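Working notes, structure below.
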Amino acid sequence: MGKKLEELVESLSIWQTGDYGDVDAPSPRDLAIAELRTMGPQAVQALIERLDGLLAATAGHRERVDAVQAAWTAWYEESDRLSDEHGLGIDLERYRTIPSDSLPQRSVEDTNHRDPYDLKQGIIEALHQLGDRRAAPVLTAALTDRTCIPAAAQALCDIHADRAVPALLNAVTLIDHNTNKSIAFDPLLASLRHYGVSMAQARERFEAETSPQGRVRLMHLMTQLPDDGTVRPSGSQIRDSLIFLALDDKDNTSRWQAVESLNEINNSTVERDIFSDWEAPPPADVIRSAIALAAHGEPPGHERELTSRLRRIRHTPPAARAVEATLTQDSPEPDAQELLLALRLALGVHASELDDPLRFARALHRLSSHSQVGDSALLALRRTCWDLLFPQMVQDDEARRREARTIFDAIATPHEHTRFASYTASQSFWGKLRQRFRRG
């Protein structure tokens with residue numbers, strides 16, 4: 001590539017005009033495209049090669065970062081599990097299968113990576129305006145890059161690509177159809193319609209999709225395509241995906257959209273003012289369903305992330321109610337896998353989040369004799385007795401005090417007796433101090 005041609009390609013990244021007062025003034029991108037038109041086939045080939053290189057670099061960066069993130073995610077998940085099993089303050093390193101010193105680090109190159117999305121979009125726009133069919137393969141490849149999808153989809157409406165349809169359907173799983181709909185999703189939808197994508201094709205792609213977000217997005221696409229006799233999936237077929245998204249504690253918009261969709265599927269008439277607490281966790285019934293999903297390895301390939309999301313919100317009142325509902329389910333044969341996960345989550349439930357801490361302790365005590373989950377229930381009860389039982393054992397209500405003491409005596413080791421002695425001593429100290437202030 002000659003120096004002049006190289007400079008023109010690089011200037012495609014500058015889409016702003018120099019004179020902000022004149023909206024009609026040409027930008028460096030506009031000027032570069034005009035000059036590239038005069039350069040013939042070599043310009044198109046240079047653009048294709050540059051875009052291909054940028055896409056490969058972006059994909060390589062993403063792959064390396066994902067590999068590092070996967071290793072750290074597995075380490076954090078193991079840390080959570082070991083903390084639940086052995087308690088806080090324990091040296092977990094001796095129990096790890098993933099040693100801390102084995103964790104990979106991002107390279108300096110990946111840490112400082114800045115996505116050249118303006119340049120990629122500028123090249124796509126240039127290829128679009130030049131209209132050369134040789135660009136079809138690289139424009140199709142650009143549909144794998146989130147930042148390129150709208151521009152590439154628009155270009156493919158005018159530059160025909162034989163393999164466009166599978167790539168366009170794959171791109172649907174990468175684009176949020178709610179956020180920036182007119183900018184991101186609508187160009188993709190227009191291209192899908194241009195290529196005559198049928199409901200049957202979208203349904204086939206939906207059945208092959210495993211990611212929760214992808215399934216929800218493909219479901220939405222099918223509402224935008226003309227009826228060809230293919231039966232659309234029912235809302236219940238994305239229920240598991242919506243539950244997973246409703247537990248997304250890092251994306252409030254996605255979480256509440258999922259909750260609202262679940263309400264529609266369940267024909268719920270409960271009105272919730274989601275704006276009163278935008279960062280609040282989902283309702284207890286959704287969390288209860290999430291416990292059941294994660295306990296049985298659902299959604300496929302995402303159950304570990306769902307368990308992590310549950311663990312991160314287990315200290316909240318809705319999660320506490322969901323855990324209690326699982327542990328107290330009225331069933332002659334309660335699901336052992338669900339009970340085991342709920343018992344793990346119970347380690348993070350605080351009495352202040354429960355309507356009746358003694359009822360919760362009673363459920364744990366009952367389950368301590370369960371043939372499959374007894375050890376986990378006993379661990380949870382011992383680990384949380386300072387919060388669940390100790391306050392009940394010193395309160396004024398004699399019946400509650402006696403029941404709490406009976407449960408405690410049945411499960412307590414010398415360690416728990418020592419902790420209770422310390423608790424009563426501290427209560428006595430603070431009680432005397434409060435009396436002194438009242439006298440003063």
Side-chain angles (χ1 to χ4, degrees), residues 1-2 4-17 25-63 113-177 179-195 197 217 221:
M1 188 188 304
K4 176 63 174 176
L5 182 53
E6 183 178 348
E7 289 175 352
L8 286 173
V9 172
E10 296 305 313
S11 65
L12 291 170
S13 66
I14 310 172
W15 55 270
Q16 304 97 327
T17 60
S27 68
R29 178 182 291 177
D30 297 327
L31 295 172
I33 292 174
E35 191 160 353
L36 286 166
R37 287 181 183 278
T38 69
M39 301 184 73
Q42 63 167 336
V44 174
Q45 189 58 39
L47 291 169
I48 290 172
E49 291 175 0
R50 187 72 173 103
L51 180 57
D52 195 50
L54 291 172
L55 293 173
T58 299
H61 164 74
R62 187 168 59 239
E63 185 177 337
H113 176 80
R114 296 293 179 270
D115 185 25
Y117 54 85
D118 282 331
L119 178 55
K120 288 185 286 189
Q121 291 172 351
I123 294 174
I124 291 171
E125 185 176 334
L127 288 170
H128 186 183
Q129 291 196 33
L130 293 176
D132 194 311
R133 281 203 61 184
R134 288 178 296 164
V138 77
L139 291 173
T140 304
L143 293 171
T144 62
D145 188 317
R146 282 184 178 86
T147 65
C148 297
I149 289 172
Q154 286 179 315
L156 287 168
C157 286
D158 296 317
I159 300 175
H160 182 79
D162 294 334
R163 292 289 301 160
V165 170
L168 288 166
L169 287 170
N170 289 340
V172 171
T173 68
L174 304 177
I175 289 289
D176 185 348
H177 56 270
T179 305
N180 294 327
K181 175 181 177 294
S182 61
I183 296 173
F185 181 75
D186 286 353
L188 179 58
L189 179 60
S191 190
L192 286 159
R193 288 172 172 166
H194 172 80
Y195 280 86
V197 172
R217 290 168 177 173
L221 170 65

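Predicted model, so just to flag it, every value in this text is computed and none were measured. Here, residue 1 is the first one in the sequence, and each next residue gets the next number. All heavy atoms count here, side chains included; hydrogens, waters and symmetry mates do not.
- In plain terms, the two heavy atoms of Lys120 and Leu55 that are nearest each other are CD-CD2, 4.3 Å.
- Between the CG atom in Leu156 and the CD1 atom in Ile124 there is a gap of 9.0 Å [rounded to 0.5 Å].
- The heavy-atom pair separating Val138 from Leu127 by the smallest distance is CG1-CD1, 4.0 Å.
- Residues Ala161 and Tyr195 approach most closely at N-OH, 3.2 Å, considering heavy atoms.
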- Give the intermediate values and the outcome of side chain to side chain contact (heavy atoms under 4.5 Å, CB included) for residues Tyr117 and Asp145. CA-CA 9 Å; Tyr117 54 85; Asp145 188 317; over 6 Å; no
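- Expressed to the nearest 0.5 Å, how far CG of Leu192 lies from CG of Leu169 amounts to 5.5 Å.
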Open item on the list: Test side chain to side chain contact (heavy atoms under 4.5 Å, CB included) on Thr147 and Thr58; report intermediate values, then the result.
Closed with: CA-CA 11 Å; Thr147 65; Thr58 299; over 6 Å; no
Q | Residue pair Leu130, Leu47: steps toward the side chain to side chain contact (heavy atoms under 4.5 Å, CB included) verdict | A | CA-CA 10 Å; Leu130 293 176; Leu47 291 169; 3.6 Å; yes
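- His177 and Phe185 have perpendicular rings, their planes meeting at more than 60° on a 0 to 90° scale where under 30° would count as parallel.
- In this structure, Ser191 contributes its side chain and Leu188 its backbone to no donor-acceptor pair below 3.5 Å.
- What you find for Pro28 and Gln16 is that their closest heavy atoms are CD-O, 3.3 Å.
- Arg217 places a side-chain heavy atom less than 4.5 Å from the side chain of Asp176.
- A salt bridge links Arg50 with Glu10; the closest basic N to acidic carboxylate O contact falls under 4.0 Å.
- Across all non-hydrogen atoms, the minimal contact from Leu139 to Ala152 is O-CB, 3.6 Å.
- Remark: side-chain polar atoms of Glu125 are not paired, donor with acceptor, to backbone N or O of Ala151 under 3.5 angstrom.
- The OG atom of Ser11 sits 9.0 Å away from atom CD1 of Ile33, with the distance rounded to the nearest 0.5 Å.
- In terms of heavy atoms, His160 sits closest to Ala136 at O-CB, 3.4 Å.
- No donor-acceptor pair closer than 3.5 Å links the side chain of Arg163 to the backbone N or O of Pro137.
- Taking NE2 from His61 and CZ from Arg114, the interatomic distance works out to 9.5 Å, rounded to the nearest 0.5 Å.
- Separation of atoms CD (Glu49) and CD1 (Ile123) is listed at 11.0 Å; rounding is to 0.5 Å.
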Could you go through Leu12 and Arg29, starting from their C-alpha distance and side-chain angles, then the distance that decides it, and tell me whether this counts as side chain to side chain contact (heavy atoms under 4.5 Å, CB included)? CA-CA 4 Å; Leu12 291 170; Arg29 178 182 291 177; 4.0 Å; yes
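- Atom NZ of Lys4 sits about 4.0 Å away from atom CD of Glu35, to the nearest 0.5 Å.
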